[in-house]
There are 2 protein chains.
Amino acid sequence: MSSSKPKASTKSYHHGDLRSALIQAARAVLYEEGTSKLSLRAAARHAGVSHAAAYHHFKDKTSLIAAIAVEAFNELQAKRNKAYLQEDLTKLKRIQKMAEVYIEFALENPQEFRLMFLPEFRREDVLTDVEKAGRQSHLQMIELVTALQEEGTFIEGNPESIAINLWATFHGLATLMLDGPLFRNAKTQEGSTALITSAISHLFYGLVK
Amino acid sequence: MSSSKPKASTKSYHHGDLRSALIQAARAVLYEEGTSKLSLRAAARHAGVSHAAAYHHFKDKTSLIAAIAVEAFNELQAKRNKAYLQEDLTKLKRIQKMAEVYIEFALENPQEFRLMFLPEFRREDVLTDVEKAGRQSHLQMIELVTALQEEGTFIEGNPESIAINLWATFHGLATLMLDGPLFRNAKTQEGSTALITSAISHLFYGLVK
DNA sequence: ATATAATCTAACCAATGTCAAGTTCTAAAC
DNA sequence: GTTTAGAACTTGACATTGGTTAGATTATAT
């Protein structure tokens, strides 16, 4: 929660770290009032500053939302690394773990997760900040796949293509559980892990006899 | 494009089929002005009627959007049936075809596709119209899986779980191609079909050697 | 002829994004 | 230690837009 550099004074005219306070505030609004109520003004209100203060930290409304997405991507990555380092697992189990972390994150932070994949954050010509923030995980997954190929566990083939396949499965499950027909299954822990486990197993060992 | 029952007179006071005209108008606005500009007023404007006229056909703004989602689900289903009936394919190829149709629909109708999976259209307690409209495809897929199990092609196991897995793969690919890191791959026909083909093949035959 | 559905005009009100101009604090220069 | 420049905020105002309701008006259908 608390960041490192700035001294967040409690009551001074200058906030100390309004930028990240606004991001937090915006996230809170997202949950307390819903996506449609998220506005620069609402975030400012929630952070206890004037409605125009945000313009010293964000170019416009979209920038604030992008900042939320970036922060969320970073949190996901952190969570991923934590799981990755903590556990002493086979590489195969590691992949399962990645899926669990991904979906858990989506279910625990649904509003942020949706923002992470808004179309306005992708541009043909340039890599946006949001894209950059998401890129790391992708590369990490490719590495893992490559390692699995080298140790002879996985089939040959373009590792990126396989990584994409894995991600698509995670992502598809996550989104269907969040906003699709699987949202009822996602209400219980058992329901969701069952879905994950069977999906991973199918993908690992195939559907065709 | 033109529906069956009502006579869409061109210039009378009574429109004839304003309801579906508004849906069409709203879809047009979606593409011409973007999601954020979609409003009841904009739809009415585009349909050439007064801004209050919509209230005789839709309870509120959300209902109009829901109607778009329902219509889109129906179109997807129709497209699916068409592909399903036309082609004389093995059941396995049929699944590949379903994936292609699904993703093609998403890429050709990105705006509608996004609306089809808005969280506000799912409720814990009741089946919403949008949900009902999406349900058919799901059942169809389960049937197909069951058939594949019976003919001994697919592994045993809960057919629904397998169908979910397939859907998640399609859906994950579609969403990542639309609003995720794969959106650059989706720009060309070859790029997208390559992704689909390899994903299906991986899922059919497994990633583990 | 009459009831009623479909449409229109008008108006209200609540928001929001954004800019402009003034204030208050911080920090660096002297 | 004082001055001073500039950054961080505030208040106020503008223009836009949108959802929604109320009360006519016009067409359709019985």
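Reckoned from all heavy atoms, side chains included, excluding hydrogens, waters and symmetry mates. Each chain gets a letter, A, B and so on, in the order its sequence line appears, and its residues count up from 1.
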Donor-acceptor pair present, B:His51 side chain and C:dA10 base, under 3.5 Å: yes
Closest to side chain of A:His56, choosing from C:dG17, C:dT9, D:dA8: D:dA8
[X] [atom1] - [N] [atom2] separation (whole Å):
| X | N | atom1 | atom2 | result |
| --- | --- | --- | --- | --- |
| A:Asp17 | D:dC9 | CG | C1' | 15 Å |
| B:Lys37 | C:dG17 | NZ | C1' | 10 Å |
| A:Leu38 | C:dA15 | CG | P | 15 Å |
| A:Phe58 | C:dT18 | CZ | C1' | 16 Å |
| B:Leu18 | D:dA27 | CG | C1' | 14 Å |
| A:Arg45 | C:dA15 | CZ | P | 8 Å |
| B:Leu40 | D:dG19 | CG | C1' | 7 Å |
| A:Tyr55 | C:dT18 | OH | P | 4 Å |

Ring centres under 6.0 angstrom apart (A:Phe117, B:Phe183): no
is_close_aromatic(B:Tyr102, B:Phe113), centroid dist under 6.0 Å: yes
A:His57 vs D:dC9: side-chain N/O to OP1/OP2 distance below 4.0 Å: yes
Touch class at under 4.0 angstrom, heavy-atom based, for A:Ser39 against every strand present: sugar-phosphate
Donor-acceptor contact below 3.5 Å, side chain A:Arg41 vs main chain A:His51: no
Residue whose nearest DNA chain C nucleotide is more 5′ - A:Thr62 or B:Arg41: B:Arg41
Contact nearer the 5' end of DNA chain C, comparing A:Lys61 with B:Ala53: B:Ala53
Side chain to side chain, A:Leu115 and A:Leu30, heavy atoms closer than 4.5 Å: yes
Sub-4.5 Å side-chain heavy-atom contact between A:Leu144 and A:Arg94: yes
